[in-house]
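This report concerns only the one structure given below.
Every chain is numbered from 1 and lettered A, B, ... according to where its sequence line falls, protein lines coming before strand lines.
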2 protein chains.
Amino acid sequence: MEGDYVARMETALIQTISTGLSQSGVRDHNARLLLSLVQRNVALPGTDIARLSGLSAPTVSSILRKLESDGLVERGDAVRGKVGKPSIPMRLAPTGAYAFGLKIGRRSANLLLMDFVGKVRAEVHLSYDYPLPSEIFAFLEEGIRALTADLPADQRTRICGIGVAAPFELWNWHNLKGPRAKSFQTWKDVSIASEIARFSPLPVMVTNDATAACQAEHIYGRGKAFRDYAYFFIGAFIGGGVVLNNSVFEGRQGNAGALGSLRSIGLNGESMQLVDAASLHLLEARLQEVDQDTRQLWTDPTSWKRLSRYVDPWLSQTAQELAKASLSTCAVIDFEAILIDGAFPDHIRHELVTRVRRYVATQDTRGLIVPAIEAGSIGANARALGAACGPIRANFFLNTHQGLSAA
Amino acid sequence: MEGDYVARMETALIQTISTGLSQSGVRDHNARLLLSLVQRNVALPGTDIARLSGLSAPTVSSILRKLESDGLVERGDAVRGKVGKPSIPMRLAPTGAYAFGLKIGRRSANLLLMDFVGKVRAEVHLSYDYPLPSEIFAFLEEGIRALTADLPADQRTRICGIGVAAPFELWNWHNLKGPRAKSFQTWKDVSIASEIARFSPLPVMVTNDATAACQAEHIYGRGKAFRDYAYFFIGAFIGGGVVLNNSVFEGRQGNAGALGSLRSIGLNGESMQLVDAASLHLLEARLQEVDQDTRQLWTDPTSWKRLSRYVDPWLSQTAQELAKASLSTCAVIDFEAILIDGAFPDHIRHELVTRVRRYVATQDTRGLIVPAIEAGSIGANARALGAACGPIRANFFLNTHQGLSAA
DNA sequence: CAATTAATTAATTAGGTTACTTTATTAAAT
DNA sequence: ATTTAATAAAGTAACCTAATTAATTAATTG
């Protein structure tokens with residue numbers, strides 16, 4: 001069962017560079033590698049896996065048989081037409097594992113149950129003015145009950161965890177007054193994992209929301225195409241993620257890719273943060289100024305075209321800011337690409353990317369390798385989906401940055 | 001011999017995530033791990049190594065004996081005074097391996113021979129107005145001959161490579177005229193590695209100069225203390241390096257940590273690069289304006305105090321710029337620390353760090369985890385030293401980011 | 001044109017090796 | 001006598017190479 005591949009707890013040691021390897025560690029590593037290769041390529045026959053992994057065919061064969069008997073991979077239809085024995089592509093078994101993904105946003109929460117191939121099996125929503133701990137946890141508890149009930153009883157044990165995507169220091173953003181403000185502030189002292197542990201035995205992983213979105217893009221979206229990139233997610237605020245060596249880099253404190261905090265230049269030449277120069281809340285504020293209903297931004301994609309006299313200047317400013325921010329990130333890491341996504345309609349994303357490309361071409365790029373500017377492909381659901389990836393990845397896939405598990 | 005630990009060539013494969021592991025891969029990994037732990041802690045008895053690596057004592061013992069017979073580690077004096085059998089600390093054998101480090105700078109080149117514990121065995125210099133390929137390679141060829149001759153004949157086979165530290169796109173910085181300019185431009189078409197291959201069979205590794213400095217700081221300096229940090233090296237221009245998970249991250253194209261290209265804000269609020277706002281060439285330019293000899297900056301450390309009426313404003317501006325740049329890097333990666341070093345006297349470095357700390361405290365740090373600001377410890381020689389680390393690390397030490405070598 | 005043979009490729013089995021683990025032993029100190 | 005470090009011996013897991021089985025296409029022949 002999946003237990004075999006669960007990462008072992010490491011004792012925290014001073015000066016630990018990495019961990020020693022033993023046989024079982026090797027098998028674990030290789031099994032995760034095979035699953036990662038199959039995931040990445042959708043379906044692969046054993047020979048290709050052997051070639052890609054550098055392992056011998058018999059080894060791959062034996063690992064695949066084990067994975068198959070564990071219900072994690074399954075055989076596809078034999079491929080004929082070439083000389084020789086037909087190959088049997090192996091693919092992930094959709095029912096191999098499940099995970100919950102919870103996104104806690106500033107306007108709404110979103111809980112989904114994702115299967116092993118990244119398909120959303122069921123989903124529930126909650127809207128609010130601002131999230132309060134008690135309401136969120138009640139929503140989650142009830143949601144878990146409901147979503148679990150949808151699953152055949154024999155598959156419920158395959159749910160391997162709960163991933164939570166939340167903004168960094170959630171409590172720092174609202175300036176509320178009164179008793180509800182006090183309740184909101186309690187986020188500061190709440191341990192999300194321990195609260196959830198009160199009503200669910202499943203392991204909990206908490207991630208930065210934009211990093212989670214990046215994760216989803218990386219595994220199920222365009223991110224597959226690039227080895228390393230910075231990812232911008234434009235929501236009410238702006239956040240980001242970082243991918244290095246084909247794997248999302250969360251950072252020591254989980255705060256890598258805090259791209260909203262990149263320094264930007266205000267109209268008067270003063271220093272400000274990107275989040276104050278290029279988020280959707282700026283557009284919202286502008287719409288409020290002219291008495292437009294801002295809800296339509298989130299609920300009605302066509303409204304964006306209707307509002308183009310307000311959207312256009314916003315797009316222009318945002319693109320300029322993103323262009324500069326993109327190059328700044330490339331000064332730190334020589335990213336191959338910059339991916340841009342957000343909670344807006346496809347045509348806006350496309351227009352934004354086009355404009356960013358244009359602005360990047362006008363910048364001073366001495367000392368830099370200019371990255372490709374590309375559009376993300378997942379959109380608003382990315383955060384919850386990425387959150388759900390957490391437990392699945394921890395149990396079954398390779399993570400370049402974590403080092404290998406010990407025996 | 002060292003051949004056992006040489007990284008194997010990998011065939012370039014599409015979609016390679018990582019490489020499969022076999023027994024020999026395991027042994028190689030563990031041997032490198034042990035060497036890395038010993039290097040990091042200067043000297044360690046087997047029991048401690050076992051604890052730190054998570055390997056069993058017999059395994060560590062057997063690997064150590066192999067490393068000992070290969071001449072890579074040696075026994076220290078038994079530590080008595082505690083109950084039980086005295087422990088025998090193992091340390092790197094200084095004569096275990098050697099490497100050449102060549103720094104190609106804008107004003108001078110520097111070639112040194114480094115031993116296995118990072119000691120400089122011999123060193124030669126070359127000064128110029130600007131570096132020309134033919135002169136540099138002649139200097140290197142002659143230098144290799146001379147420095148090799150210093151070594152006992154039986155140890156010459158232990159020289160494992162040549163590390164070269166050079167600025168990114170060297171040819172892009174000078175605006176020369178005339179025939180010598182043409183010769184300088186040829187850097188663009190020169191492959192440093194193949195030129196060197198004409199007169200030396202040793203493997204060659206080329207690194208970005210600031211990344212090399214970072215490497216030296218990381219292995220032999222203060223960098224040991226931090227798990228991840230951004231490193232600023234202030235020379236004629238400003239460069240940087242990036243350390244993630246206890247290991248220098250070079251980037252896909254070797255251009256990670258191009259911190260001189262970080263965006264900065266000019267006096268009139270215009271966007272400019274950090275390199276134009278905070279390098280020593282700014283101070284030089286100011287001194288030239290007032291007809292001061294600029295050579296003294298590089299040759300006479302005491303001159304900095306004498307010139308304080310010019311140095312002080314430069315320090316102030318540089319510190320402000322570094323403070324903002326430091327936080328920008330932390331928006332990309334949540335670095336634990338920022339290390340600052342440069343080609344200037346110790347008291348200047350110290351003063352600079354103090355001021356950067358002060359400025360950081362005044363910045364907008366919403367969404368960020370504020371890093372520690374620390375001084376580097378190696379100074380001007382860091383680049384050549386770091387360059388020499390390249391071949392040694394490639395052969396004997398663990399590199400978190402490269403993945404493990406295949407069988 | 002059908003049947004046969006050759007060639008090719010995929011997947012698995014068998015046997016051997018490596019390098020790890022656990023358990024036991026020896027050595028040297030307080 | 002007890003404690004701790006280091007090594008030795010025995011056992012095991014997981015890899016590799018080489019050989020085998022299987023399934024197909026391609027070529028040849030009566």
B:Thr207 and B:Gln215: side chain donor to acceptor below 3.5 Å |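 Looking only at side-chain atoms, B:Gln215 and B:Thr207 do not form any donor-acceptor pair under 3.5 Å.
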Is the shortest side-chain N/O distance from A:Ser56 to OP1 or OP2 of D:dT17 below 4.0 Å?
->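 False: A:Ser56 side-chain N/O out of range (4.0 Å or more) of D:dT17 OP1/OP2.
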Reckon A:Asn30 has a side-chain N or O less than 4.0 Å from the OP1 or OP2 of D:dA14?
->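 For A:Asn30, the contact criterion (side-chain N or O under 4.0 Å from OP1 or OP2 of D:dA14) is not met.
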Between [X] ([atom1]) and [N] ([atom2]), how many Å, whole number?
{"X": "B:Glu68", "N": "D:dA6", "atom1": "CD", "atom2": "P", "answer": "12 Å"}
{"X": "A:Leu33", "N": "D:dC15", "atom1": "CG", "atom2": "P", "answer": "11 Å"}
{"X": "B:Leu64", "N": "C:dA19", "atom1": "CG", "atom2": "C1'", "answer": "15 Å"}
{"X": "B:Arg27", "N": "D:dC16", "atom1": "CZ", "atom2": "C1'", "answer": "17 Å"}
{"X": "B:Arg51", "N": "D:dA6", "atom1": "CZ", "atom2": "P", "answer": "12 Å"}
{"X": "A:His29", "N": "D:dC15", "atom1": "NE2", "atom2": "C1'", "answer": "13 Å"}

Ionic contact status for B:Arg222 with B:Glu374, cut-off 4.0 Å =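 Salt bridge present between B:Glu374 and B:Arg222.
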Lys/Arg-Asp/Glu bridge criterion (N-O < 4.0 Å) met for A:Arg91, A:Glu74 |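 A:Glu74 and A:Arg91: salt-bridged.
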Should A:Arg32 and A:Phe396 count as side-chain neighbours, where that means a heavy-atom distance under 4.5 Å?
->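 Side-chain contact under 4.5 Å: no.
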Is there side-chain contact between B:Cys160 and B:Ile392, with at least one heavy-atom pair below 4.5 Å?
->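 Yes; the side chains approach each other to less than 4.5 Å.
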Options C:dC20, C:dT22, D:dT17, nucleotide nearest the side-chain atoms of B:Leu55 |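 Taking heavy atoms from C-beta onward, the closest nucleotide is C:dC20.
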Under 4.0 Å protein heavy-atom contact, by nucleotide of nucleotides 4-15 of chain C - B base, S sugar-phosphate only = ----BBBSBB--
Validation row, ring centre B:Phe116 to ring centre B:Phe397 under 6.0 Å =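 When the ring centroids of B:Phe116 and B:Phe397 are compared, they turn out to be within the sub-6.0 Å range.
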